[in-house]
Amino acid sequence: MTGRVQCPESSRGGPDCKAAADALCKAKGYSQGKSLGTDAVEKCSAKLLIPGYKRQPGDCRTESFVTRAWCQ
């Protein structure tokens with residue numbers, strides 16, 4: 001199946017793409033899934049657009065998405 005579901009943050013702080021694959025498959029009528037393809041984007045604060053602003057830790061974060069999953 002194809003789609004785009006954001007991977008939630010796991011208890012360890014990283015992305016939980018298994019949960020996103022399951023959500024993608026459940027939306028298509030299946031019970032569970034396994035991630036076959038992922039995508040990641042960096043989202044940053046609008047503060048970075050201010051001229052002269054120096055990037056600080058925490059201004060940007062990486063978000064992961066499942067784009068393809070094997071469903072069953």
Side-chain angles (χ1 to χ4, degrees):
M1 292 290 147
T2 60
R4 187 170 172 90
V5 177
Q6 185 174 357
C7 302
E9 190 173 315
S10 71
S11 60
R12 294 183 178 170
D16 182 4
C17 290
K18 169 65 172 137
D22 286 345
L24 176 63
C25 290
K26 286 179 183 178
K28 306 282 185 175
Y30 294 91
S31 62
Q32 61 181 338
K34 181 176 180 178
S35 174
L36 294 177
T38 60
D39 186 21
V41 296
E42 185 176 55
K43 287 206 131 176
C44 297
S45 169
K47 293 187 267 184
L48 293 177
L49 299 174
I50 299 171
Y53 180 81
K54 294 187 180 191
R55 186 172 172 165
Q56 303 291 318
D59 282 346
C60 297
R61 68 180 192 276
T62 302
E63 293 182 351
S64 298
F65 297 86
V66 169
T67 56
R68 291 185 324 137
W70 178 73
C71 302
Q72 56 179 335

Hey, could you give me the [atom1]/[atom2] distance between [X] and [Y], rounded to the nearest 0.5 Å?
{"X": "Cys7", "Y": "Leu24", "atom1": "SG", "atom2": "CG", "answer": "10.5 Å"}
{"X": "Cys60", "Y": "Lys43", "atom1": "SG", "atom2": "NZ", "answer": "11.5 Å"}
{"X": "Met1", "Y": "Cys25", "atom1": "CE", "atom2": "SG", "answer": "7.0 Å"}
{"X": "Glu63", "Y": "Glu9", "atom1": "CD", "atom2": "CD", "answer": "10.5 Å"}
{"X": "Asp39", "Y": "Arg68", "atom1": "CG", "atom2": "CZ", "answer": "12.0 Å"}

Give a yes or no answer on whether the side chain of [X] reaches the backbone of [Y] with a donor-acceptor pair at less than 3.5 Å.
{"X": "Thr67", "Y": "Thr2", "answer": "no"}
{"X": "Lys28", "Y": "Ala23", "answer": "no"}
{"X": "Gln56", "Y": "Lys54", "answer": "yes"}

- Query: Under 6.0 Å from the NZ atom of Lys34, do we count more than 12 heavy atoms belonging to anything else shown?
  - Reply: no
- Query: In the single-linkage hydrophobic clustering (I, L, V, M, F, W, Y; side-chain heavy atoms under 4.5 Å), do Tyr53 and Leu49 co-cluster?
  - Reply: no
- Query: Should Val66 and Ser35 count as side-chain neighbours, where that means a heavy-atom distance under 4.5 Å?
  - Reply: yes
